[in-house]
Amino acid sequence: MASERYNAPAREKHWQRVWDETHAFRTPDATAGGGKPKCYVLEMFPYPSGRIHVGHSRNYTMGDVFARYKRARGFAVLHPMGWDAFGMPAENAAMERKVHPGSWTYQNIAVMRDQLKSMGLAIDWEREFATCDADYYAQQQRLFLDLLAKGLAYRKSSKVNWDPVDNTVLANEQVIDGRGWRSGALVETRELTQWFLRITAYADELLAALDGLDKWPEKVRLMQANWIGRSEGLSVRFALDKATAPKGHSEVEVYTTRPDTLFGASFLAVAPDHPLAKAAADKDPDLAAFCEDCRHMGTSVVDLESAEKKGFDTGIRVQHPFDKSWLLPVWVANFILMDYGTGAIFGCPAGDQRDLDFARKYHLPVRPVILPPGADAATYDVGAEAYDGPGTMINSQFLDGLDTKAAFEEVARRLEKKSMGKRPVGERRVNFRLRDWGISRQRYWGCPIPVIHCADCGVVPVPQADLPVRLPEDATFDKPGNPLDRHPTWKHADCPTCHKPATRETDTMDTFVDSSWYFARFTAPKAATPLDAQAVDYWLPVDQYIGGIEHAILHLLYSRFFFRAIADAGHGGTSGIREPFAALFTQGMVTHETYVAEGEGGKSVWLAPSDVRIEGDGADRVAYDVKSGKAVRIGGVEKMSKSKKNVVDLDAFISEYGADTARWFVLSDSPPERDVLYTDVGVEGARRFVQRVWRLVDEIAERVPAPFAGPPAEIGAEGLKLRKAVHKTLANVGRTIEGLRFNVAVASLYELANAVGSALQPPPSAGLDFALREAAELMTQMIGPMMPHLGEECWARLGYNTLLVNQPWPEAAPALLVDDEVTLAVQVNGKRRDEIRVARTASSQDIEAAALALDSVVRALEGRPAKKVIVVPQRIVNVVG
RNA sequence: GCGGACGUGGUGGAACGGUAGACACACGAGACUUAAAAUCUCGAGGGGGCGACCCCGUGCGGGUUCGAGUCCCGCCGUCCGUACCA
């Protein structure tokens with residue numbers, strides 16, 4: 001048969017249809033796993049924003065290669081896909097285009113599902129769901145009610161982050177540099193009654209369990225640990241000096257991690273919102289004005305960095321816990337946060353840079369209490385820098401001479417015994433930076449919070465029989481504000497308890513709730529209860545989770561919490577799994593150049609790569625707008641994103657090159673955790689390889705149409721060389737896919753293709769034919785996970801009427817992985833001088849003798865005798881002279 | 001400020017402490033072709049030498065080791081995360 005170009009787009013459709021018709025990727029029944037070990041492979045599910053571009057495809061390709069490989073390795077694989085489908089963009093679309101958020105979302109899903117299918121992903125589509133499906137959010141409402149019953153969901157009035165563009169509340173995790181994570185608008189503070197999930201109840205467990213996540217990137221574990229922010233300290237109550245205390249106040253409580261420095265205290269500082277500050281401000285208009293100023297201070301990074309440390313003396317004085325006659329002034333300071341610790345601190349200028357700056361500015365005393373190791377007590381002085389390290393206590397009465405750690409314990413011990421009122425003066429306290437998760441959103445397109453507010457009965461859960469609380473279809477989106485709240489009828493409901501008219505909750509849940517358990521729902525997506533214990537036990541945890549680093553805190557921390565919380569509320573398995581994701585891989589992005597043209601009124605506008613023509617190369621590259629012909633600026637390389645338009649549409653790509661080329665390209669070259677730059681020449685390289693594999697297999701199939709029963713008696717040198725190359729590649733590809741090191745797997749397959757190409761040159765022989773046939777088959781199987789359509793095509797061309805996806809992963813023959821003869825580098829004093837070929841089993845003595853006999857070695861030794869010879873078997877010889 | 005990662009040819013990147021630069025891209029030469037595309041072959045870190053060969057090379061400076069891109073210490077640079085957290 002004459003070689004024909006492999007028509008990827010056409011053949012890919014064919015094979016996708018075959019997989020579909022044979023239900024090739026249906027998940028094995030959990031109850032009948034057939035004794036197979038299980039493997040749950042999951043990529044973070046997408047938000048259905050419109051279309052998929054090549055950038056998105058990398059994530060899914062990596063998961064798919066892993067899933068297909070594990071499948072071939074005999075695992076029962078669960079590899080599902082769904083849609084994180086609630087959220088603001090749908091409502092924005094509704095406002096802009098007068099379409100219902102639901103129809104907009106489901107249309108996008110239909111388009112994107114087809115796109116994912118056209119990539120040839122080995123996904124069990126029978127398990128697909130969207131979080132906006134009533135079936136899904138109904139179960140989520142059940143979970144919420146059980147969390148409510150357990151006290152893990154609750155309502156409180158608090159200061160919240162208000163996004164004035166999205167018109168909704170945001171969680172702390174969703175405020176980045178003082179701006180809403182989605183809208184980018186400067187966040188305002190408002191006092192509202194909101195629903196919260198008690199993530200702080202799990203702070204300790206979430207932190208401690210990070211240690212066990214040894215298949216997570218260290219970076220992510222660290223980020224979570226920092227976010228949880230555990231600190232151990234002491235809360236200390238200071239008695240107010242009666243002469244200066246405002247009415248109704250007799251004490252103030254501070255939190256400190258350094259009680260050892262208590263004798264270095266020179267002032268107390270409280271937040272502008274602290275009750276004591278408010279009380280004092282009532283009598284002092286200047287102080288009131290100062291507090292008001294502080295509230296208006298910005299919260300952005302720039303504001304904070306440039307903001308001066310400012311304070312105002314309240315005139316209130318407190319007694320030092322160990323010396324009633326020692327009075328300390330209480331200041332209001334703009335850098336004290338009301339929502340951390342107690343909103344009050346004691347300032348020790350010698351031990352804290354901020355306190356020192358503050359003390360210098362307002363001429364407060366600076367008393368050193370810790371002598372750094374090696375410093376001289378007689379001359380030690382605090383200059384411009386505070387010392388916050390360990391050392392020996394000085395100027396601290398009964399603490400003098402102790403080290404800082406012992407001093408901490410001593411102060412804690414004494415203050416715990418000392419009492420004031422009926423409570424001890426000091427109490428050990430573990431403090432967290434983590435706050436409870438505010439999940440109320442004043443939006444339409446989210447999961448309704450299933451409660452009813454009754455004037456008499458209070459908050460009443462919607463009865464199970466009335467679930468789900470469905471979103472009304474006929475909401476309006478023509479004005480800002482919550483469409484559920486202004487809907488004419490939806491919120492009016494009778495109280496389930498007393499049956500009097502009452503009001504439905506109009507807040508919906510943060511969409512991060514939806515994504516905090518979808519992975520568990522995939523294990524039994526049609527179960528009548530939120531989760532099926534048996535399926536949870538069998539499939540969870542997720543064995544390999546793959547997604548972007550941007551979810552290091554938000555989604556991954558919420559999921560770790562939520563999965564635990566719902567388990568404690570009765571929705572776990574029976575085997576006590578607490579962690580949802582055993583292994584996490586954070587993949588790099590696909591990046592692309594950006595193109596910037598001058599639009600109307602001198603405004604910069606982004607141009608899509610498909611609208612740009614490039615001329616020249618290297619430094620002389622010039623880009624032109626295809627439509628106007630005008631030159632455009634080539635901007636920086638950035639992550640592919642809709643907003644910068646530097647995206648390559650997946651459909652266009654696949655219809656030109658095929659899915660396998662896309663898959664191969666995004667796996668090539670760059671290590672998967674790093675970004676990969678999209679270039680046309682890079683894609684061209686991938687496309688060439690697709691054709692090359694096809695030509696090689698085609699030619700071999702022509703030459704050796706059927707497999708041999710076994711190796712011929714005489715394999716020949718060429719044949720043996722090829723066999724060794726093939727089997728070594730096989731071992732390497734398996735190892736590297738297992739470790740998600742796809743770029744290395746790709747490289748070794750390129751190398752193999754080169755070896756196969758070379759082996760086609762020598763004159764035919766039975767031995768070589770056998771080796772070629774074997775090479776073609778194994779190469780086909782090895783590219784299978786990465787280029788599955790081409791794999792099927794080659795498998796068929798080799799004469800099989802089975803499907804490649806159903807073939808087990810081939811085993812490398814151990815005998816072919818070792819060489820009888822090995823090349824050893826010969827070094828003299830660590831410098832490579834020569835190499836020798838010896839039998840693999842050669843003795844050290846023989847190797848040593850052979851090395852010393854080399855001219856190059858003799859020359860390098862310059863007549864000196866060898867002092868020592870180090871022989872590392874099968875690796876290297878080093879002659880020390 | 002704090003925390004982390006990284007730094008290797010023209011480029012993306014390989015390399016259990018053991019022959020640095022695999023593999024790919026770009027480049028050069030050649031074969032095939034009327035020609036082009038496609039394909040195939042060969043070359044290539046830098047410098048020196050006609051040559052066998054020699055010298056220098058993984059950001060910089062030290063150290064450990066028979067041997068360091070890899071481990072340790074100190075710098076420099078880039079990127080990422082995070083921040084009045086008491």
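Sequence lines set the chain letters: A, B, ... in the order given, protein chains first and strands last, and positions in each chain run from 1.
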field: Pairs touching residues 215-236 of chain A that satisfy ring-ring contact (aromatic ring centres under 6.0 Å, His included), sequence neighbours left out
entry: none

message: Using OP1 and OP2 only, check whether a side-chain N or O of A:Arg832 sits under 4.0 Å from B:A20.
response: no

message: Over all strands shown, is A:Ser668 touching base, sugar-phosphate only, or nothing at heavy-atom distances under 4.0 angstrom?
response: nothing

query: Given that A:Asn226 and A:Asp675 both sit by RNA chain B, which one's nearest nucleotide is further toward the 5' end?
result: A:Asn226

task: Classify the angle between the aromatic ring planes of A:Tyr6 and A:Trp694 as parallel (below 30°), tilted (30 to 60°) or perpendicular (above 60°).
output: tilted

query: What nucleic acid atoms does A:Gln827 come within less than 4.0 Å of, heavy atoms only: base, sugar-phosphate, or nothing?
result: base

message: Less than 4.0 angstrom between a side-chain N/O of A:Arg692 and OP1 or OP2 of B:C40, yes or no?
response: yes

- prompt: What pairs meet the ring-ring contact (aromatic ring centres under 6.0 Å, His included) rule with one or both residues in residues 851-881 of chain A, with sequence neighbours excluded?
  reply: none

field: Listed once per pair and sorted, the side-chain hydrogen bond (donor to acceptor under 3.5 Å, both in side chains) pairs that draw on residues 674-684 of chain A, sequence neighbours left out
entry: A:Glu684-A:Arg687

message: Under 4.0 Å from OP1 or OP2 of B:A86: is there any side-chain N or O of A:Tyr340 that close?
response: yes

- request: Remember a base hit wins even if backbone is also touched, and classify A:Thr823 as base, sugar-phosphate or nothing at under 4.0 Å, heavy atoms.
  value: base

- request: Measure centre to centre between the rings of A:Phe267 and A:Phe346, then say whether the value is under 6.0 Å.
  value: no

task: Give one of base, sugar-phosphate or nothing for A:Ile336, where a contact means two heavy atoms less than 4.0 Å apart.
output: base

- request: May I ask you to evaluate whether A:Arg735 reaches the phosphate of B:C16, defined as a side-chain N or O under 4.0 Å from OP1 or OP2?
  value: no

- request: Please work out if A:Asp834 contacts a base, only the sugar-phosphate, or nothing of the nucleic acid, heavy-atom cut-off 4.0 Å.
  value: nothing

- prompt: Touch check for A:Leu337, heavy atoms < 4.0 angstrom, all strands: base, sugar-phosphate only, or nothing?
  reply: base

Gap between atoms CZ and C1', on A:Arg674 and B:G13 respectively (whole Å): 8 Å

query: Can you check the A:Ile549 CD1 to B:C79 C1' distance for me, whole Å?
result: 13 Å

- prompt: Which residues in residues 872-881 of chain A have at least one heavy atom lying under 4.0 Å from any atom of RNA chain B?
  reply: A:Val872, A:Arg875, A:Ile876, A:Asn878, A:Val880

Nucleotides 45-56 of chain B: which of its N/O atoms have a protein N/O under 3.5 Å away?
residue: B:C55; atom: OP1; partner: A:Arg833; partner atom: NH2; Å: 3.4
residue: B:C55; atom: OP2; partner: A:Arg833; partner atom: NH1; Å: 3.2
residue: B:C56; atom: OP2; partner: A:Lys831; partner atom: NZ; Å: 3.1

statement: Sorted by number, residues from residues 738-745 of chain A placing a heavy atom under 4.0 Å from RNA chain B are A:Arg741, A:Asn743

